[in-house]
Every structure is written in C-alpha cells, then in structure tokens.
Amino acid sequence: FDPVIQLLVARGIAVLSVNYRGSTGFGNRYYNLGIGNVRGMHEDVEDARRWAITSGLADPDRIAIVGASWGGYLALGGATKVAAEAE
C-alpha cells in the first residue's frame with residue numbers, strides 16, 4: 001500500500017509503479033541484475049515511460065516520474081534525460 005499512489009489515483013491520475021532491476025522482493029537473481037548496472041535501472045524507468053505514452057495511458061506533455069530514496073535518484077535521471085531529448 002502506498003498512500004501517495006492512492007491519492008493520485010483518487011484524483012483520476014494514472015500511476016505506473018515500476019519495479020526496476022535491482023528492486024527487492026523478487027528474489028536474488030532479480031536483485032543482482034541491478035548491482036553495478038545503474039544504466040539498466042534508468043533504462044527500465046525510461047522503457048516504462050515510453051510504454052505508457054505509446055499505449056495511450058500517458059500524455060507525453062503531462063507525465064511525471066516520481067520516486068523516493070533510490071527511486072528519487074532514478075526520477076531525477078529520467079527528468080534530465082527527457083529534457084535533454086527535448087532540446
């Protein structure tokens with residue numbers, strides 16, 4: 001349960017919660033995929049963003065990447081990558 005996700009959904013905002021490689025709770029093999037592979041974690045988040053847009057669930061001009069702790073770092077990386085692509 002995540003109260004922030006519930007708040008957003010209750011206001012009609014679609015939420016995609018990404019379990020990027022290295023996330024816990026999916027076994028050692030999945031966790032180990034993230035060790036030394038920060039680029040791969042960023043790619044997981046970017047792939048999810050692209051999927052949400054191409055599937056029509058998200059508007060590319062009105063999308064946010066949000067996270068806390070390591071997810072916050074990935075969100076910041078996602079924001080800078082998207083900004084760089086827009087230039």
Legend entry - Hphob cluster co-occupancy, Val66 + Leu7, side-chain heavy atoms under 4.5 angstrom: no
Legend entry - Ionic contact status for Glu46 with Arg50, cut-off 4.0 Å: yes
Legend entry - Nearest non-hydrogen partners of Gly67 and Ala75, listed with the distance: N-CB, 3.9 Å
Inset, instruction - State the CG-NE2 distance between Leu76 and His42, to the nearest 0.5 angstrom. - result: 8.5 Å
Legend entry - Nearest-0.5 Å distance, CZ of residue Phe26 to CG of residue Asn19: 3.5 Å
Inset, instruction - Check step by step if side chain to side chain contact (heavy atoms under 4.5 Å, CB included) holds for Val18 and Trp51. - result: CA-CA 12 Å; Val18 178; Trp51 175 83; over 6 Å; no
Legend entry - Distance-minimising heavy-atom pair for Val4 and Asp2: N-OD1, 2.9 Å
Inset, instruction - Apply side chain to side chain contact (heavy atoms under 4.5 Å, CB included) to the pair Asn37 and Met41, showing each step before the final yes or no. - result: CA-CA 7 Å; Asn37 192 5; Met41 292 178 194; 5.8 Å; no
Inset, instruction - Show your working on side chain to side chain contact (heavy atoms under 4.5 Å, CB included) between Leu16 and Leu57 and close with a plain yes or no. - result: CA-CA 9 Å; Leu16 174 62; Leu57 295 173; over 6 Å; no
Inset, instruction - Report yes or no: do Ile65 and Val38 belong to one cluster of Ile/Leu/Val/Met/Phe/Trp/Tyr joined by side chain heavy-atom distances under 4.5 Å? - result: yes
Inset, instruction - Taking all heavy atoms of Leu33 and all of Arg21, pick out the closest pair and write down the distance. - result: O-CD, 3.8 Å
Inset, instruction - Would you confirm whether Tyr20, through its side chain, and Glu43, through its main-chain N or O, come within 3.5 Å as a donor-acceptor pair? - result: no
Legend entry - Check against side chain to side chain contact (heavy atoms under 4.5 Å, CB included), Ser23 and Tyr30: CA-CA 7 Å; Ser23 297; Tyr30 193 76; 4.0 Å; yes
Legend entry - Approximate separation, where rounding is to 0.5 Å, of Ile53 CD1 and Asp61 CG: 8.5 Å
